[in-house]
Number of protein chains: 2
Amino acid sequence: MKNDCKLCAIKSEAASKLSTEEMEKLSFSCALVKFRKGDSLIRQGTFSTNVAYLRSGLAKVHIAGPYHEQIVRIVKSPSYLGLPTTFGDKINQYSVTVIDTAEVCFIDINAFRSLLKANPEFSYEIMLELCRNELEVFYRCANRTQKQIRGKIADVLLEMSERIYGNEKFSIPLNQEDLGNLVDSSRESVSRVLTEFEKDGIIKLSGKKVEITNKKSLLLISANG
Amino acid sequence: MKNDCKLCAIKSEAASKLSTEEMEKLSFSCALVKFRKGDSLIRQGTFSTNVAYLRSGLAKVHIAGPYHEQIVRIVKSPSYLGLPTTFGDKINQYSVTVIDTAEVCFIDINAFRSLLKANPEFSYEIMLELCRNELEVFYRCANRTQKQIRGKIADVLLEMSERIYGNEKFSIPLNQEDLGNLVDSSRESVSRVLTEFEKDGIIKLSGKKVEITNKKSLLLISANG
DNA sequence: ACAAAAATGTGAGCTATATCACAAAATAGT
DNA sequence: ACTATTTTGTGATATAGCTCACATTTTTGT
């Protein structure tokens with residue numbers, strides 16, 4: 001066990017409250033694994049026996065919509081992935097795929113559950129995360145259904161810059177097809193808007209690199225218009 | 001305390017594990033209140049000191065979108081409302097409004113928290129509900145963004161009939177404006193589709209009463225087309 | 001029971017954006 | 001370094017559904 005792993009820390013803390021038998025019965029091994037862009041952490045329709053703790057990196061949560069893939073939200077570390085499967089739903093209702101090099105710690109669902117039982121603080125934290133997730137999806141959903149394309153893309157760019165990278169310069173970890181699925185529009189429209197933004201001097205593009213040069217405009221377009 | 005209230009039952013069970021001081025410090029009173037259609041249980045932007053337990057009735061969760069109101073999901077009893085405020089978000093990020101006569105039990109947030117601490121089973125149940133909510137929002141979101149109007153409305157009708165009422169005949173608790181906000185389209189389009197469905201003999205309408213007369217067609221349209 | 005208010009039905013345009021169809025550019029694989 | 005593949009840019013066209021506008025019906029309040 002590495003003590004720089006938050007999950008492990010919680011585990012060892014909890015362990016002190018569990019009997020030795022219980023400890024041995026459950027698999028508390030902490031398997032840290034590295035993943036690259038495109039690797040799948042959770043696959044919709046499959047059965048999971050682990051919760052994945054995203055220690056570093058980024059992932060996308062996506063579901064197969066009635067017509068095409070929809071990217072529901074971008075997950076930033078630290079985050080627990082695959083919780084619904086832990087609480088009764090046997091089958092994963094969504095997929096999670098790495099979009100930027102990630103380190104993930106897996107923990108057996110039953111072990112995870114007993115951590116929750118033994119540690120109310122931890123439960124509390126998980127509930128907080130679940131609530132946040134729901135609120136985030138609310139927000140995204142209102143955004144993607146009400147704004148028009150320019151506003152939606154402005155929104156994504158701002159989210160990347162603020163919530164995800166904390167920097168005006170960053171590298172979009174998604175191609176335009178994915179951006180379309182995140183924003184519910186076509187790849188072509190995404191392309192058009194992006195070049196439009198560049199022409200208007202709002203952003204600078206070179207390959208995947210983006211720099212927001214006129215944040216005010218973006219904010220306006222996002223609130224929009 | 002009435003013992004037909006599930007929340008009360010949990011409370012008294014939990015109470016036995018708490019010291020008398022703790023019990024007295026916290027308000028465990030169970031105030032059962034009746035509400036009518038249109039009454040507000042939670043108002044976006046305000047601060048809550050209670051969790052609301054919906055014992056009976058229906059409510060809509062809605063948020064102020066960038067342009068217009070969006071109905072995020074329909075809540076059926078039993079359900080706990082206002083959880084995010086319990087876990088750190090001080091301000092309600094959404095509104096909840098009764099749409100069909102409801103009985104609600106309020107419990108002080110701090111009391112609720114100590115219930116969670118004292119009762120891992122209860123925590124577990126809450127986490128389950130939070131996960132379900134998130135998944136439901138995923139599903140709704142994919143639906144409302146990808147299908148076209150006929151499919152979306154077919155979907156809502158099926159949901160009402162199946163999840164909400166468990167009957168082919170029911171009374172829509174929403175007006176067409178609300179239906180539009182639930183489905184992300186205009187009041188007028190909702191009207192058009194509804195009368196279209198009636199003409200095609202898929203549903204029978206009289207005022208708010210709906211009867212699904214051709215479920216197969218609805219399923220087809222929802223999966224659609 | 002009656003007036004006032006709210007909710008619904010329906011027509012006629014308008015428009016944002018999807019779709020199709022390529023060309024060009026960038027990336028990856030060997 | 002060179003193909004093969006994936007990703008991106010951009011025009012032309014079609015269309016679902018929004019908006020506006022008004023008539024009609026239903027519901028509400030007194």
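Protein chains get the first letters and strands the later ones, always in sequence-line order, with residue 1 at the start of each.
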Atom [atom1] of [X] and atom [atom2] of [N]: how far apart are they, to the nearest Å?
{"X": "A/L174", "N": "C/dT27", "atom1": "CG", "atom2": "C1'", "result": "17 Å"}
{"X": "A/R144", "N": "C/dT17", "atom1": "CZ", "atom2": "P", "result": "15 Å"}
{"X": "A/I153", "N": "D/dT8", "atom1": "CD1", "atom2": "C1'", "result": "13 Å"}
{"X": "B/E177", "N": "C/dG9", "atom1": "CD", "atom2": "P", "result": "13 Å"}
{"X": "B/D178", "N": "C/dT8", "atom1": "CG", "atom2": "C1'", "result": "14 Å"}

Item checked: side chain to side chain donor-acceptor pair (under 3.5 Å) partners of residues 193-209 of chain B, not counting sequence neighbours, each pair once ->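 Residue pairs with at least one partner in residues 193-209 of chain B: B/R150-B/E196.
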Check: Applying side chain to side chain donor-acceptor pair (under 3.5 Å), which residue pairs with at least one partner in residues 94-107 of chain B are found, sequence neighbours left out?
Finding: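 Output for this query lists B/S56-B/E103, B/H62-B/T97, B/D100-B/Y165.
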Next item on the list: Show your working on side chain to side chain donor-acceptor pair (under 3.5 Å) between B/D184 and B/Q70 and close with a plain yes or no.
Entry: CA-CA 7 Å; B/D184 284 292; B/Q70 177 166 80; 2.9 Å; yes
Item checked: Any A/Q176 side-chain N or O less than 4.0 Å from OP1/OP2 of D/dG9 ->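 Indeed, a polar side-chain atom of A/Q176 lies that close.
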Next item on the list: Starting from the first five and the last five pairs of the helix from C/dA1-D/dT30 to C/dA28-D/dT3, work out the angle between the resulting helix axes, to 10 degrees.
Entry: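 Overall, the helix from C/dA1-D/dT30 to C/dA28-D/dT3 bends by 70° from one end axis to the other.
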Notebook entry, point to check: Once each nucleotide of nucleotides 13-30 of chain D is scored for protein heavy atoms under 4.0 Å, what B/S/- sequence comes out, 5' to 3'?
Noted result: ---SSSBB----------
Next item on the list: Taking all heavy atoms of B/T213 and all of B/G201, pick out the closest pair and write down the distance.
Entry: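 For B/T213 versus B/G201, the nearest heavy atoms are OG1-O, 2.9 Å.
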Return a table of donor-acceptor pairs under 3.5 angstrom between the side chains of residues 134-143 of chain A and protein atoms on other chains or two or more places apart.
residue : atom : partner : partner atom : Å
A/E134  : OE2  : B/R73   : NE           : 3.4
A/E134  : OE2  : B/R73   : NH2          : 3.4
A/E136  : OE2  : A/R163  : NH2          : 3.3
A/Y139  : OH   : A/N143  : ND2          : 3.2
A/Y139  : OH   : A/D155  : OD1          : 3.1
A/R140  : NE   : A/E159  : OE1          : 3.4
A/R140  : NH2  : A/D155  : OD2          : 3.3
A/R140  : NH2  : A/E159  : OE1          : 2.5
A/N143  : OD1  : A/K147  : NZ           : 2.7

Note to self: Strictly distance-based, threshold 3.5 Å: is any side-chain N or O of B/E211 a donor or acceptor partner for the main-chain N or O of B/E168?
What the structure shows: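 A pair under 3.5 Å: no.
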Check: How long is the gap from CG on B/N92 to CD1 on B/I42, to the nearest 0.5 Å?
Finding: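 If I round to the nearest 0.5 Å, the distance is 5.5 Å.
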Notebook entry, point to check: Checking all strands, does A/S191 fall into the base, sugar-phosphate, or nothing category for heavy-atom contacts under 4.0 angstrom?
Noted result: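 Base contact.
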Checklist line | Non-neighbouring partners of B/K215 that pass salt bridge (charged side-chain N to carboxylate O under 4.0 Å, His left out), sequence neighbours left out | finding: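 Residues passing salt bridge (charged side-chain N to carboxylate O under 4.0 Å, His left out) with B/K215: B/E162.
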